[in-house]
Every structure is written in structure tokens, then in C-alpha cells.
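Side chains included, hydrogens not; waters and symmetry mates left out as well; all remaining heavy atoms used. Below, chains carry the letters A, B, ... as their sequence lines are ordered, and counting in each starts from 1. Note that the structure is predicted; figures quoted are calculated from it, not measured.
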There are 2 protein chains.
Amino acid sequence: MPTRAIAIEDDEAVSRLIAQVLTAHGFEMVGTAATGEDGIALAKREVPDVALVDLGLPKMSGEDVIAAIRQEVPKTMCIALTAVDIPARVLGALRAGAAGYILKPFHAGELARAVEDVLRGDSAPISPRAAKVLLAELRGDAPDQRNHGPALSKREREVLELLVHGHTYADVANALGIAEGTVQTYVKRIYEKMDVSTKAEAALLAVARGLVKP
Amino acid sequence: MPTRAIAIEDDEAVSRLIAQVLTAHGFEMVGTAATGEDGIALAKREVPDVALVDLGLPKMSGEDVIAAIRQEVPKTMCIALTAVDIPARVLGALRAGAAGYILKPFHAGELARAVEDVLRGDSAPISPRAAKVLLAELRGDAPDQRNHGPALSKREREVLELLVHGHTYADVANALGIAEGTVQTYVKRIYEKMDVSTKAEAALLAVARGLVKP
DNA sequence: TCCGACGTACCACGTACAGGGTACCCGGGC
DNA sequence: GCCCGGGTACCCTGTACGTGGTACGTCGGA
């Protein structure tokens with residue numbers, strides 16, 4: 001049985017192009033829909049192997065469509081298709097359950113390759129631009145991690161490392177062989193440099209920047 | 001000034017190949033190293049634009065090398081290079097600060113393209129197989145994680161969310177419309193369930209388990 | 001039916017924390 | 001020479017925090 005696919009895309013030209021490309025690569029198009037509602041109904045009726053979902057649909061958001069399909073028809077893998085790579089969009093789609101994220105315009109081979117990748121199940125096609133967003137999120141948001149204030153000194157990193165793991169000032173002082181008052185100085189400087197004001201915030205930022213291992 | 005690159009790779013054949021490919025694409029190779037220690041020293045000395053780091057180095061792990069370079073020479077972007085795509089490896093490297101993740105064997109064009117992508121800064125080259133691991137992690141259905149002790153109630157998660165972002169008990173009380181004393185009860189229960197005793201520890205564990213986004 | 005488990009809510013006490021000071025040493029410039 | 005900035009080190013004060021209590025409603029099983 002050939003791989004069965006559907007497309008949920010409001011631009012009919014794009015929709016036809018998708019059908020053409022996939023058919024040419026040996027997939028079977030079992031339907032297309034122009035709205036989210038129709039697309040979900042189509043997916044439930046046909047239970048295709050893969051669904052190409054445009055994120056720029058009118059009314060219902062592509063994210064919601066993907067989430068609905070993942071919920072109702074888990075067997076169907078969803079690939080998000082969009083012209084924009086706004087971080088919130090990328091993350092929303094992937095969180096919703098998209099197995100891949102392709103940016104328009106795409107090459108014919110790119111699309112077919114992505115579908116094959118997803119179906120094989122051992123990989124997830126993600127455009128480099130989308131991947132950057134993913135990475136940023138994984139590391140703790142903050143667009144462009146680099147150059148966030150002055151670097152911490154070696155001693156300051158030692159203090160931070162101990163602090164964020166729940167040790168008290170007294171513990172830190174003991175471990176480093178300095179007075180508790182001195183620890184407080186380091187903490188103050190660390191807070192200034194990291195622009196935070198509590199241990200909790202410092203801990204969050206520290207892991208986000210990879211200064212300490214969780 | 002041309003883009004300056006280094007390679008940290010113990011297999012000399014691969015190392016030469018990298019140099020060859022990058023040189024052919026107009027990059028300047030300013031050094032190669034066969035061990036992590038040498039690589040870090042090289043990076044500090046040359047401060048290259050990009051470093052290709054093999055994850056399968058003897059002795060020192062590639063993750064640690066990347067982390068060290070990101071720490072000491074933030075300007076240098078690191079691209080992880082490996083033959084295996086073990087989830088822990090992928091995540092470790094990306095968490096350590098790798099801007100890209102390329103699987104061996106790679107095509108010549110692929111490598112050059114990845115370096116260009118990373119330097120342009122608007123995208124992150126991630127191999128499809130590595131991307132799959134990333135996605136799984138992002139969605140939280142990664143191996144282990146989950147099921148660490150009793151689950152927090154909705155209210156407790158709300159308190160935790162606010163707490164770990166540095167808000168005081170008073171702030172939390174205000175935001176949730178309850179008394180400060182009540183917040184303390186939640187904090188106690190949260191600490192018990194998570195088996196921690198400070199805000200900093202709770203913050204670490206919360207991000208580690210994906211309960212809150214950093 | 002009653003009782004226990006759990007989520008919710010509040011108070012009081014002692015301590016650890018955040019932020020205000022001050023001081024010394026060292027290396028690099030003006 | 002001199003001062004200046006950054007790293008190191010210490011003290012003091014008010015506050016937020018961690019932990020000990022108590023109490024009430026609800027749900028489900030003994």
C-alpha cells in the first residue's frame with residue numbers, strides 16, 4: 001500500500017503543487033482541505049499516514065489543527081508548513097505535535113524528502129532557521145545567548161555553583177574556606193552581573209546559560 | 001578578513017578532510033587539535049570564528065570541550081561533529097552550547113553550508129536525526145524524566161512557577177489572591193514532594209523536569 | 001457512616017538571605 | 001609616580017525565607 005497523504009492549505013496553488021510533488025514521488029494524495037475544520041474531518045475520515053498542515057490558515061490556527069489531529073488520529077504524522085519562522089509559531093507547532101517544520105518556499109525534493117523522513121520515523125526534518133529557535137528554547141530562551149553582561153570570575157562561578165544547588169552561605173563559606181560575609185560579597189557581584197536578585201533567579205539563569213549543570 | 005576556523009578531532013584523516021573542505025570554501029583554517037585540552041588552548045589562543053568539535057574524543061568529552069570554549073571564548077561558535085546520534089550525546093552537546101550538530105559521514109557541501117549557517121547566526125544546522133531527539137526532549141516525552149515522586153497539584157504548580165522566577169512569597173500571595181502564610185504551606189508541600197529545601201534547588205529541579213520553562 | 005488522605009488556608013518563630021557599607025591588593029594606564 | 005578598575009575579603013541591618021504548628025472542606029474507601 002502506498003503512503004497516503006493529505007494537505008490542509010488554504011492557498012489552492014500551493015495545495016496543487018504539494019499534490020503534484022507528492023504524487024510524482026509515489027505518494028497517494030487522498031484529499032485536501034482549505035480550512036482547519038475540514039482538514040480535521042478529512043484526517044479522521046481518511047486516517048492518512050501524513051498530513052501537510054499550513055500554519056497560516058484562516059480562522060482556526062494551524063497549531064490547533066495539528067493538536068487536534070494528533071489527538072484524534074495519532075497514526076497520522078503532521079508536518080508544519082509555513083512562510084514565517086516566528087519563534088512562537090515554530091514552538092507552538094512543534095509543541096502541538098508536528099513531526100517536522102518546513103519553511104516555504106520549498107524545493108520539490110525537499111518536501112518529498114521531509115515526508116519520507118517523518119514516515120521512516122527515525123528523524124525529524126527541521127529547517128535550519130526553525131532549528132535555531134528550537135535550540136534557543138532548549139537552552140532557556142533568551143534570543144541570542146552570547147554577551148549577556150560581564151563574565152563571572154572563577155571564584156564567582158564556584159560560589160554560584162554551590163549556591164544554586166541549595167547550599168547556604170555558611171556552607172559555601174566553609175567549602176571555599178572564606179568567611180560568610182565574603183560569600184555575600186560574591187553573591188552581590190554575581191547578582192549584579194547576572195542582573196537578578198534572588199537565588200532562584202540566579203539558578204534559572206545559570207542553567208539557561210549553561211554555567212552550571214542541573 | 002576571512003572566516004577563521006579550527007577543528008578538534010582525533011582522527012587525522014577526518015581532520016585533514018575538514019581542513020580541505022573548509023579551505024576550498026574560502027575559510028581559513030588556523031589550527032587543528034587532536035585532544036580536548038589542546039583544542040581548548042588552541043581556541044583561547046586563536047579565538048576563531050568557528051570550531052568543529054568531534055564528540056568522540058579520547059579522554060575529555062566533546063561536550064566538556066564545547067562548554068569550556070563557550071565559557072572561555074564566547075565569540076567562537078561550536079559545531080558538534082559525531083558519528084553517533086545517541087540522545088544523551090545530542091542533548092549534551094546542544095546544552096553545552098553547540099550551535100549545530102552534524103552527523104558523520106557528511107558531504108563536503110553539507111559541512112561548508114553548516115559553518116555558513118552558524119556564522120550567519122540566523123539558523124542552526126541540525127541533522128534530521130538529531131532534530132528528532134530535540135523534539136522529543138522539547139515535548140517532554142523524553143526517556144526517564146517524568147514520574148519523579150508525587151505530582152504537584154495545579155495550585156502548587158502555579159506557586160512553583162512564580163517562585164522559581166524570583167518572586168517573593170508576598171508577590172505570589174498577591175498574584176494568586178491568597179495570604180502569604182498560605183503560600184508558605186504550598187512551598188512546604190512542594191519542597192516535600194520534590195525533596196528539596198530551598199528555592200534554588202526547586203528551580204533547578206523544576207527546569208530539569210520541564211515543570212517550568214526557564 | 002465515619003475516618004483518613006489530600007488540597008486548601010492561615011499564624012509565629014528563628015534563621016538565612018539581599019543589599020547597604022568599608023577595606024586591601026594587584027595590574028595597567030593616564 | 002599615581003590612580004583606577006576588578007577581584008578578593010569582611011561587617012551590619014532589615015527582610016524574606018524555611019519550618020514548626022493549626023484548621024476546614026471534600027472525596028472515596030473501610
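Phosphate contact (OP1/OP2 of C/dG7, side-chain N/O of B/K193, threshold under 4.0 Å): present. Within the structure, every side-chain polar atom (N or O) of B/T185 is placed at least 4.0 Å from both OP1 and OP2 of C/dG7. Between A/T198 and D/dA16, a side-chain N or O to OP1/OP2 separation shorter than 4.0 Å is absent. Regarding contacts with the backbone of C/dC6, every side-chain N or O of B/R189 stays at 4.0 angstrom or more from both OP1 and OP2. Taking side-chain N and O atoms only, A/Y186 has no distance below 4.0 Å to OP1 or OP2 of D/dG7. Side-chain N/O atoms of A/K199 include none lying less than 4.0 angstrom from OP1 or OP2 on C/dA18. Between B/T182 and C/dC10 there is a side-chain polar atom (N or O) within less than 4.0 angstrom of OP1 or OP2. Residue A/Y169 places at least one side-chain N or O under 4.0 Å from the OP1 or OP2 atom of C/dA18. For A/K188 and C/dG20, the shortest distance from a side-chain N or O to OP1 or OP2 is not below 4.0 Å.
Atom pair B/I190:CD1 and D/dG18:P shows a separation of 11 Å (rounding to whole Å applied). Atom-to-atom, CZ of A/R155 to P of C/dC25 comes out at 18 Å; the value is rounded to the nearest Å. Counting to the nearest Å, the P atom of D/dC10 and the CD atom of A/E180 are 11 Å from each other. The interatomic distance linking B/L176 (CG) with C/dA9 (P) rounds to 9 Å, in whole Å. Between A/E201 atom CD and C/dA18 atom P there is a gap of 10 Å when expressed in whole angstrom units. Counting to the nearest Å, the C1' atom of C/dC11 and the CD1 atom of B/I178 are 14 Å from each other. Atom NZ in A/K154 sits roughly 17 Å away from atom C1' in D/dG6 (whole-Å rounding). In this structure, OH of B/Y191 is placed 15 Å from P of C/dA16, rounded to the nearest angstrom.
A/E46 contributes no side-chain N or O that, together with a main-chain N or O of A/L42, makes up a donor-acceptor pair within less than 3.5 Å. B/T76 places a side-chain N or O within 3.5 Å of a backbone atom of B/P48 that can act as its donor or acceptor partner. The main-chain N or O of A/K199 is found under 3.5 Å from a side-chain atom of A/Y191 such that the two form a donor-acceptor pair.
With a 4.5 Å cut-off on side-chain heavy atoms, B/T182 and B/L176 do not count as touching.
Among the protein residues, A/Q184 comes within range of the nucleic acid bases, having at least one heavy atom under 4.0 Å from a base atom.
Each of C/dC17, C/dG7, D/dC11 was ranked by its minimum atom distance to the side chain of A/A179; first place goes to D/dC11. Listed nucleotides: C/dG7, D/dG7, C/dG19. Nearest to the side chain of A/S197: C/dG19.
In this structure, the separation between CG on B/L52 and CZ on B/F27 is 9.5 Å, given to the nearest 0.5 Å.
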